[in-house]
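Inspection log for the structure reproduced underneath, given as structure tokens.
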Amino acid sequence: MKRICVVTGTRAEYGLLFQLMKMIQADDELQLQIIASGMHLSPEFGLTYQQIEADGFRIDKKVEILLSSDTAVGISKTIGLAHISFAEAIDDLSPDMIVVLGDRTEIFALANVALIAGIPIAHIHGGELTEGAYDDAIRHSITKMSHLHFVSTEEYRKRVIQLGEQPSTVYNVGAPGLDNIRLMNLLSKEEFEVSIERKLLKKNLLITFHPVTLEDSSAEEQFQYLLTTLDKLENTLLIFTKPNSDKNGRVIIRMIDDYVAQNTEKSIAFISLGQLRYLSALQYVDAVVGNSSSGIIEVPSFGIPTINIGDRQKGRVAAQSVIHCGNQSDKIFDAINKSLLKDYTATVNPYGDGKASERIFEVIKGSATISLKKQFYNISF
């Protein structure tokens, strides 16, 4: 049996990989291996490996790498520890292929390990731009270490080829996040309210904000602009989801906790909503506010606006329902008010039809022995 190792370090990434993992698990010719690492194993971030197990998966390796630090030094040390720890796990599992998604620092380390070990990598969500964060450079670096590329739009396919990858290895499959929208039985409004132990109000906003790692202003300063804006809103429930273990992420977590403690009647916060509750929430909130990739990729499928703050997602393909604004309070306030006056129910999502996992699965299953010797694809200028 062909051993396919899926590596995940965060709750969001796992949610995007879920449908593909189910398909690999159910196939008689493939053996699913799972490595859970990073935030999944941290009590601070909700011990989300438990959700993986509750979903019926067996985790083959739990790889502890996360330090209790979100400084530049702490993140760099975590990457170093990830190299050492992943090297041992991969050597023990000896997979035939490794599947990774996105641009996380631990996935960057894993790709290094796989490259040195001579194991082909299938990379999902390559070719994208996020000019406001160093994730951009990490994502492109993972592309250069990978052998199969599954991108979410034609523009991203062209960019991966521009990076020198052979066109025959680059597949425009759409975004896996849309698969869950199509396949999951989402919660009713009453079920969702029970799950968050709170009644929805006349207006409801879902807020997901992450530090912008290449900005001059601090994460604290940026997030304070947003909180100042939210203070001006009336009869509006604010549903916060906390950031990942990014550089300077803990200051945002502290600020969310402080804000909710002082505004209990109109706000609530979660370490992780999980895919089911998060997607269910999108049925009932009036807008999503912040700078998360989900606001660009998944949210447009629900016909509601995304107020995308700052440059963290700068460069991504975006639907007409995505409203870009600066991170100053007055600009955020204007963007929220304008977004709530317009109907976005006819929005067309540029990220596909919700069948990405099926396409990825078919390519992975049908791939014969993959040569590790890649030839650079030159584009004539």
Side-chain angles (χ1 to χ4, degrees), residues 11-12 45-46 186-187 189-212 219-244 249-296 298-299 302-310 312-313 321-342 344:
R11 70 215 181 211
F45 294 100
L186 302 183
L187 302 176
K189 183 179 179 180
E190 292 73 21
E191 290 171 331
F192 175 69
E193 289 178 329
V194 169
S195 76
I196 66 170
E197 299 181 348
R198 183 68 67 91
K199 285 285 186 181
L200 296 175
L201 299 179
K202 182 178 180 180
K203 294 290 183 181
N204 304 277
L205 298 179
L206 184 60
I207 300 147
T208 305
F209 192 89
H210 301 276
V212 184
E220 184 174 8
E221 181 182 356
Q222 295 172 52
F223 194 58
Q224 187 57 56
Y225 285 134
L226 176 55
L227 293 180
T228 300
T229 304
L230 299 176
D231 267 339
K232 302 175 184 177
L233 303 177
E234 297 179 355
N235 199 20
T236 302
L237 178 64
L238 309 173
I239 305 173
F240 290 92
T241 63
K242 296 182 181 180
N244 293 327
R250 285 178 173 84
V251 66
I252 294 178
I253 293 173
R254 174 181 58 76
M255 293 173 74
I256 290 173
D257 289 339
D258 290 346
Y259 185 88
V260 172
Q262 296 170 24
N263 298 273
T264 56
E265 292 185 1
K266 70 172 188 177
S267 63
I268 187 170
F270 297 89
I271 296 174
S272 171
L273 279 172
Q275 279 288 300
L276 178 60
R277 284 196 301 177
Y278 183 85
L279 295 177
S280 297
L282 298 180
Q283 299 176 110
Y284 311 116
V285 298
D286 297 280
V288 172
V289 181
N291 59 9
S292 171
S293 61
S294 65
I296 308 292
E298 287 95 357
V299 173
F302 290 85
I304 60 173
T306 295
I307 292 83
N308 181 59
I309 301 171
R312 189 173 190 266
Q313 302 300 333
S321 58
V322 179
I323 301 167
H324 302 285
C325 69
N327 56 21
Q328 292 81 19
S329 182
D330 58 337
K331 293 181 179 178
I332 300 171
F333 187 71
D334 288 344
I336 292 174
N337 285 331
K338 289 178 182 178
S339 73
L340 298 180
L341 295 175
K342 190 173 179 180
Y344 293 97

* Is the closest side-chain heavy-atom distance between Phe270 and Arg277 below 4.5 Å? -> yes

* Grab the two heavy atoms, one from Ala269 and one from Lys242, that are nearest each other, plus how far apart they are. => CB-CE, 4.2 Å

* Can you establish whether the number of heavy atoms outside Lys232 located under 6.0 Å from its atom NZ is more than 12? => yes

* Structure fact -> Only one of Thr228, Val251, Ile252, Asn327 passes side chain to side chain contact (heavy atoms under 4.5 Å, CB included) with Phe223, and that residue is Ile252

* Below 4.5 Å, heavy atoms only, C-beta onward: do Ile239 and Leu205 meet side chain to side chain? -> no

* Step by step, would you call Phe240 with Leu227 a side-chain contact (heavy atoms from CB on, under 4.5 Å)? -> CA-CA 11 Å; Phe240 290 92; Leu227 293 180; 4.0 Å; yes

* Student check: side-chain heavy atoms of Phe45 and Ile253 closer than 4.5 Å -> yes

* N/O donor-acceptor pair under 3.5 Å between Ser292 side chain and Ser294 backbone -> yes

* Is any side-chain heavy atom of Leu230 less than 4.5 Å from a side-chain heavy atom of Asn263? -> no

* Asked: Are the side chains of Phe209 and Asn291 in touch, meaning some heavy atoms are under 4.5 Å apart?
  -> yes

* **side-chain contact (heavy atoms from CB on, under 4.5 Å) evaluation trace for Ile304 with Ser321** => CA-CA 7 Å; Ile304 60 173; Ser321 58; over 6 Å; no

* Say you draw a straight line from CD of Gln313 to NE2 of His210; how long is it, rounded to the nearest 0.5 Å? -> 8.0 Å

* To do: For Lys338 and Ile323, run side-chain contact (heavy atoms from CB on, under 4.5 Å): C-alpha distance rounded to whole Å, both residues' side-chain angles, the deciding distance at 0.1 Å, then the answer.
  => CA-CA 9 Å; Lys338 289 178 182 178; Ile323 301 167; 5.6 Å; no

* **Passing candidate, side chain to side chain contact (heavy atoms under 4.5 Å, CB included) with Leu201, options Asn235, Asp286, Leu238** => Asn235

* Asked: Step by step, would you call Arg254 with Asp258 a salt bridge (Lys or Arg N to Asp or Glu O under 4.0 Å)?
  -> CA-CA 6 Å; Arg254 174 181 58 76; Asp258 290 346; 3.7 Å; yes

* Do the non-hydrogen side-chain atoms of Leu186 and Phe302 ever get within less than 4.5 Å of each other? -> yes

* Does Thr229 use its side chain to pair, donor to acceptor, with the backbone of Ser329 at less than 3.5 Å? -> yes

* Any donor-acceptor pair under 3.5 Å linking the side chain of Gln222 with the backbone of Pro211? -> no

